[in-house]
Number of protein chains: 2
Amino acid sequence: MTRKRFDDLGCSVACALNEVGDWWSLLVIKQAMLGTRRYGDFQKSLGIAKNILCDRLSRLVENGVMTRVDVGEHGTRYEYRLTEKGRDLFAVVVALRQWSERWNGSKDSMQLVERDGGEAIAQVVVQNAAGEALSVRDVLFVDENGEPLEQAG
Amino acid sequence: MTRKRFDDLGCSVACALNEVGDWWSLLVIKQAMLGTRRYGDFQKSLGIAKNILCDRLSRLVENGVMTRVDVGEHGTRYEYRLTEKGRDLFAVVVALRQWSERWNGSKDSMQLVERDGGEAIAQVVVQNAAGEALSVRDVLFVDENGEPLEQAG
DNA sequence: TCATTTGGTTTTTTAATGCAACCATTTCGC
DNA sequence: GCGAAATGGTTGCATTAAAAAACCAAATGA
């Protein structure tokens, strides 16, 4: 059965998942953030099947998350690079990483540090305009009429 | 073919995707953050098939992201609520929302505002300890030996 | 030149998805 | 108290996507 499309759910999260919500896309993007650019390198580092990788890279390029750059002299050597849109998923990837480490204690083989100085980066949090951290309980979802919805704990 | 497990990739992002990386899980969690608690309400608001919803809710409960609370008097009325672990995905969900709105202009029917005051919340970003925003280019991935890896742009 | 790398496509098998029908309690309307 | 509806599922079936491996053509590399 053809996968359900999330476009028309009127939900931006659903819309985002439509582009990067499958099993592999975010891993490809994360790998690209690690510096991987070549088809073969993605394949080896992720252990992804080649046909699936082809499909995912094509879709990411289609959606403007990555670009395919011809780097060979005769048109058969390519690099896949993140676009600005792709790089902008940084917060999502890091938030996922940190969540996993907090709750599953999954020690990644990689650690993320600031380039200048090598210090660890901060936890990704939702903030208000003043920079104060907000939890789910501190926010309200309002509809187009400004009508608030109750929310879960 | 049994879906590839991401546990052993030595990657915390992969590990996170193992728990909430399928098409529906994050949407269920987002819906729970909106206040939905009942099986039937999830089903109606998301338009998800009932068997898939059952499976996802079970897995989320198994993984400690949600709990199933008996709320009826005679044991047939339940509520699914986010646990602390589930609520902690707030940053991930909001980051995805914002990314989608920035790049796809997907106007969600819901808007997220601060409970006290009703002001819009800030963009979710990666920060250093001093609270300065960091992009992919500002960080370095180092392995367990402290050895840095080059990274993509 | 001849093997190897690179970036795929094809084929086959297996698992997941979506849909609809069904079912046992429980609650609601009256 | 009784019938109807809601609630929270389970089952079976048709379709699709994923995984693995084989294959392939062009371009390097030794």
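Keep in mind that the numbers below use all heavy atoms, side chains included, and drop hydrogens, waters and symmetry copies. Every chain is numbered from 1 and lettered A, B, ... according to where its sequence line falls, protein lines coming before strand lines. Keep in mind it's a predicted model, so treat the numbers as computed, not measured.
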Whole-Å distance separating the [atom1] atom of [X] from the [atom2] atom of [N]:
X: Trp23(B); N: dT16(D); atom1: CH2; atom2: P; value: 16 Å
X: Gln43(A); N: dT6(C); atom1: CD; atom2: P; value: 11 Å
X: Leu53(A); N: dT10(C); atom1: CG; atom2: C1'; value: 16 Å
X: Ile48(B); N: dA16(C); atom1: CD1; atom2: P; value: 15 Å
X: Asp22(B); N: dA17(D); atom1: CG; atom2: C1'; value: 14 Å
X: Ile52(B); N: dA17(D); atom1: CD1; atom2: P; value: 14 Å
X: Arg56(B); N: dG18(C); atom1: CZ; atom2: C1'; value: 12 Å
X: Asp70(B); N: dT25(C); atom1: CG; atom2: C1'; value: 13 Å

Exercise. Would Arg68(A) count as a cation-pi partner of Tyr78(A), with NZ or CZ less than 6.0 Å from the six-membered ring centre and within 45° of the ring normal?
Worked result: yes
Exercise. Are the side chain of Asp138(B) and the backbone of Ser135(B) linked by a donor-acceptor contact shorter than 3.5 Å?
Worked result: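 It does hold such a pair.
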Exercise. With under 30° as parallel and over 60° as perpendicular, where do the rings of Tyr39(B) and Tyr80(B) fit, or are they tilted in between?
Worked result: tilted
Exercise. Considering the options Asn128(B), Val139(B), Leu140(B), which one meets the side-chain contact (heavy atoms from CB on, under 4.5 Å) requirement together with Arg115(A)?
Worked result: Leu140(B)
Exercise. Does anything in residues 48-58 of chain A pair up under salt bridge (charged side-chain N to carboxylate O under 4.0 Å, His left out), and if so which pairs, sequence neighbours excluded?
Worked result: Asp22(A)-Arg56(A)
Exercise. Taking only residues two or more places apart in sequence or in another chain, which ones pass salt bridge (Lys or Arg N to Asp or Glu O under 4.0 Å) with Glu119(B)?
Worked result: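 Here no residue qualifies.
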Problem set entry | Counterpart residues, salt bridge (Lys or Arg N to Asp or Glu O under 4.0 Å), relative to Glu132(B) (two or more places apart) | none
For this session: Identify whether the distance between the nearest side-chain nitrogen and carboxylate oxygen of Asp70(A) and Arg77(A) falls below 4.0 Å.
Result: no
N/O to N/O distances under 3.5 Å, protein versus nucleotides 7-10 of chain D:
{"unit_1": "dG8(D)", "atom_1": "OP1", "unit_2": "Arg38(B)", "atom_2": "NE", "d": "3.1"}
{"unit_1": "dG8(D)", "atom_1": "OP1", "unit_2": "Arg38(B)", "atom_2": "NH2", "d": "3.3"}
{"unit_1": "dG8(D)", "atom_1": "OP1", "unit_2": "Tyr78(B)", "atom_2": "N", "d": "3.4"}
{"unit_1": "dG8(D)", "atom_1": "OP1", "unit_2": "Tyr78(B)", "atom_2": "O", "d": "3.3"}
{"unit_1": "dG8(D)", "atom_1": "OP2", "unit_2": "Gly40(B)", "atom_2": "N", "d": "3.4"}
{"unit_1": "dG9(D)", "atom_1": "OP1", "unit_2": "Arg68(B)", "atom_2": "NH1", "d": "2.6"}
{"unit_1": "dG9(D)", "atom_1": "OP2", "unit_2": "Arg68(B)", "atom_2": "NH1", "d": "3.2"}
{"unit_1": "dG9(D)", "atom_1": "OP2", "unit_2": "Tyr80(B)", "atom_2": "OH", "d": "2.3"}
{"unit_1": "dG9(D)", "atom_1": "N7", "unit_2": "Lys50(B)", "atom_2": "NZ", "d": "2.9"}
{"unit_1": "dG9(D)", "atom_1": "O6", "unit_2": "Lys50(B)", "atom_2": "NZ", "d": "2.6"}

For this session: Take the C1' atoms of the five end pairs on each side of the helix from dT1(C)-dA30(D) to dC30(C)-dG1(D), derive the two axes, and give their angle rounded to 10 degrees.
Result: 30°
For this session: Please go through Val69(A)'s hydrophobic cluster and name the other residues, only I, L, V, M, F, W, Y counting, with side-chain heavy atoms under 4.5 Å joining them.
Result: Val71(A)
Exercise. Would you say dG18(C) has OP1 or OP2 under 4.0 Å from some side-chain N or O of Trp24(B)?
Worked result: yes
